[in-house]
Amino acid sequence: MSDAQIIEADFTWVDGAMASGVQIEVDDSGRIVAVGELKKPTTHRLQGRALTPGFVNAHSHAFQRGLRGKTERFGASSGTFWSWREEMYSLVQTLDADRIYELSLLAFREMLAAGITCVGEFHYVRHAPGCGDFSLDEAVVRAASDSGIRLALLLVYYNTGGIGQPLDAAQKQFATSSPSEYWKQFDRVAAMLDSSTQTIGAVAHSIRAATMADIAELHAESRARGVVFHIHVEEQRREIEDCVELYGQPPMSILLDRLEIDERFTAVHCTHTDPLDMELFIGRGANVCLCPVTEANLGDGVADVPGMLADDAHICIGTDSNSRLCMAEELRMLEYVQRLTEERRGVILDEAGACGMRLLGFGTEAGARSLGVAAGAITPGCWADFAVVDLESQALVGWTPETLLDAFLFGAGREAIAGVCVGGQWMETVHGD
């Protein structure tokens, strides 16, 4: 619970523009009650600051923060996603409850410093080495609570080591024995969450890590429970080739055939998805989560974003491996990679030709939609989750109300974030940038 507040910054992002004179009324539960020229006594005045919706990070593996700087040497030959994965597995084998708590807390605090107020934590390292007690689940939840970030815990089912393959030694730390065991653990974890800042969603890690029968069963139960469902899809060409060999179809095609996909479904990556499959997927109202910095770091390839936009895709953003935590950088990387590929400027645009405004929506409202969280917008009914922009930041010198958003997204980043608010609770940020 927080105190009821009347908040006013110099500028606030409402109705697609930076506006002055805007007050935000927040009740003691941490939700926005009213927004506008309320003419009420201000209780929280933010001078020299602008407010935007807090960023929503729709896809994170917090523990991978422990890999930063440790996977960038390649010897005599270049690396691949699969060689990177072996290094990630080496980290996994060192993770007990204390270590995953430390890494998760580090990642979540760094996200807050970057203006990320809500994270979809795609949590699949469930056990310490040699254990099968799901003891790492509570450590991740505790790290989120201690950091103050809003958590959408995406609890992962992982049962096979590859398509048609048993788990290997490292993957046993991810294992859940059956869908029935998964839902038993799901209910256990759900009971420990703080409903004011924490929710839970269902996940099948990928078509590599679960049989299609299990994926279908998990998804059907998630629909019955009304919770969101996430899955990695077609990040790597080898995954597609292996799936075609066993099932006769690529992953997205078989998911479309066997699941009742709707707006609560999010496919992560879709780097190599066939355009016709993507059109069908988008047509069902589902979400695509792209992770531009990680996809670049791992050499995954470039997703067909123009094709997705032509079909009115719901695109959200994740930081995935957390090799760099800056949502502004994720958003401009998404646009810049498309400019390089398309050889033109301004690929991701709204109806008025504004790039920054469309990108901001990907990093806020679209992420909230994917996670099923009332966040990502400064509007009544949403949680009071804000990013505080320092209008005196050196990176923003020369801004005007009309250029501020673009100056931040294309010329600045986390160094311009002065603080955040999560459910009415304020946190200042200190940067070493």
Side-chain angles (χ1 to χ4, degrees), residues 1-14 22-35 38 40-58 60 62 101 104-121 138-153 192-200 319 325 327 363-365 367-368 371-391 414 416-431:
M1 299 288 288
S2 63
D3 294 331
Q5 304 171 64
I6 303 294
I7 303 158
E8 184 176 349
D10 285 0
F11 289 90
T12 301
W13 182 260
V14 289
V22 173
Q23 291 183 318
I24 306 167
E25 183 175 0
V26 178
D27 67 18
D28 61 5
S29 75
R31 286 190 185 266
I32 299 171
V33 176
V35 179
L38 305 179
K40 294 187 176 183
T42 299
T43 63
H44 202 92
R45 180 70 173 95
L46 297 165
Q47 292 185 323
R49 303 287 190 258
L51 282 182
T52 71
F55 289 114
V56 180
N57 178 2
S60 161
Y101 169 83
S104 298
L105 184 63
L106 177 64
F108 295 153
R109 284 176 171 168
E110 194 172 353
M111 289 177 199
L112 289 165
I116 295 167
T117 52
C118 179
V119 58
E121 182 57 29
E138 185 175 0
V140 172
V141 173
R142 184 162 53 89
S145 295
D146 290 349
S147 73
I149 202 166
R150 186 174 302 284
L151 175 70
L153 185 66
M192 70 176 68
L193 301 182
D194 178 348
S195 62
S196 67
T197 56
Q198 298 175 339
T199 58
I200 191 167
T319 62
L325 278 165
M327 188 60 81
T364 54
E365 292 178 275
L371 299 178
V373 176
I378 300 178
T379 191
C382 281
W383 292 108
D385 292 1
F386 313 125
V388 183
V389 178
D390 179 4
L391 295 176
R414 51 182 295 155
I417 297 294
V420 291
C421 182
V422 178
Q425 300 288 339
W426 294 91
M427 291 169 268
E428 292 186 0
T429 56
V430 178
H431 298 286

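Just so it is clear, the values below take in all heavy atoms, side chains as well, and ignore hydrogens, waters and symmetry mates. This chain uses plain numbering: 1 for the first residue, then up along the sequence.
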How many angstroms lie between OG1 in Thr319 and CE in Met111, if you round to the nearest 0.5 Å? 4.5 Å
Sequence neighbours excluded, which residues qualify as salt bridge (Lys or Arg N to Asp or Glu O under 4.0 Å) partners of Arg45? Asp10
Can you name the closest pair of heavy atoms from Ala387 and Gly115 and give their distance? CB-O, 3.9 Å
What's the verdict on side chain to side chain contact (heavy atoms under 4.5 Å, CB included) for Val422 and Ile149, showing C-alpha distance, side-chain angles and the deciding distance? CA-CA 7 Å; Val422 178; Ile149 202 166; 5.7 Å; no
Look at the side chain of Arg142 and the backbone N and O of Tyr101, then say whether any donor-acceptor pair between them is shorter than 3.5 Å. no
Student check: side-chain heavy atoms of Met192 and Gln198 closer than 4.5 Å: no
Within the 4.5 Å heavy-atom criterion, are Thr199 and Leu153 side-chain neighbours or not? no
On a heavy-atom basis, which atom in Ser29 and which in Asp27 lie closest, and how many Å separate them? OG-OD1, 2.6 Å
Can you tell me how far apart OG (Ser147) and CD (Glu110) are? Round to the nearest 0.5 Å. 12.0 Å
Would Ile24 and Glu8 count as a side chain to side chain contact (heavy atoms under 4.5 Å, CB included) if you check the C-alpha gap in whole Å, the side-chain angles of each, and the deciding distance to 0.1 Å? CA-CA 6 Å; Ile24 306 167; Glu8 184 176 349; over 6 Å; no
If you round to the nearest 0.5 Å, how far is CZ of Arg150 from CG of Asp385? 4.0 Å
Shortest non-hydrogen contact from Leu325 to Ala107? CD1-O, 3.7 Å
Point-to-point distance, once rounded to the nearest 0.5 Å, from CD of Gln23 to OG1 of Thr42: 4.0 Å
Nearest non-hydrogen partners of Leu38 and Val35, listed with the distance: CD2-C, 4.1 Å
To the nearest 0.5 Å, what is the distance between OG (Ser145) and CG (Leu193)? 8.0 Å
Asp28 vs Asp3, side chain to side chain contact (heavy atoms under 4.5 Å, CB included): CA-CA, chis, key distance, verdict: CA-CA 5 Å; Asp28 61 5; Asp3 294 331; over 6 Å; no
Going by atom type alone, with no hydrogens or angles, which donor-acceptor pairs under 3.5 Å involve a side-chain atom of residues 371-383 and a protein atom two or more places apart or on another chain?
none

Looking at every heavy atom in both Val140 and Ser104, which two are closest together, and how far apart are they? CG2-OG, 3.9 Å
Is the shortest side-chain heavy-atom distance between Ile116 and Val56 below 4.5 Å? no
Would you call the rings of Trp426 and His44 parallel, tilted or perpendicular, taking 30° and 60° as the class edges? parallel
Using a 3.5 Å distance criterion without hydrogens, assess whether the side chain of Glu121 forms a donor-acceptor pair with backbone atoms of Leu151. no
Look only at the side chain of Thr43 and the backbone of Ile6, and say whether a donor-acceptor pair between them is shorter than 3.5 Å. yes
Minimum side-chain heavy-atom gap Phe108-Leu112 below 4.5 Å: no
For the CG atom of Leu391 and the CZ atom of Phe11, what is their distance to the nearest 0.5 Å? 7.5 Å
Does any part of the side chain of Thr364, heavy atoms only, come nearer than 4.5 Å to the side chain of Phe55, both counted from C-beta? yes
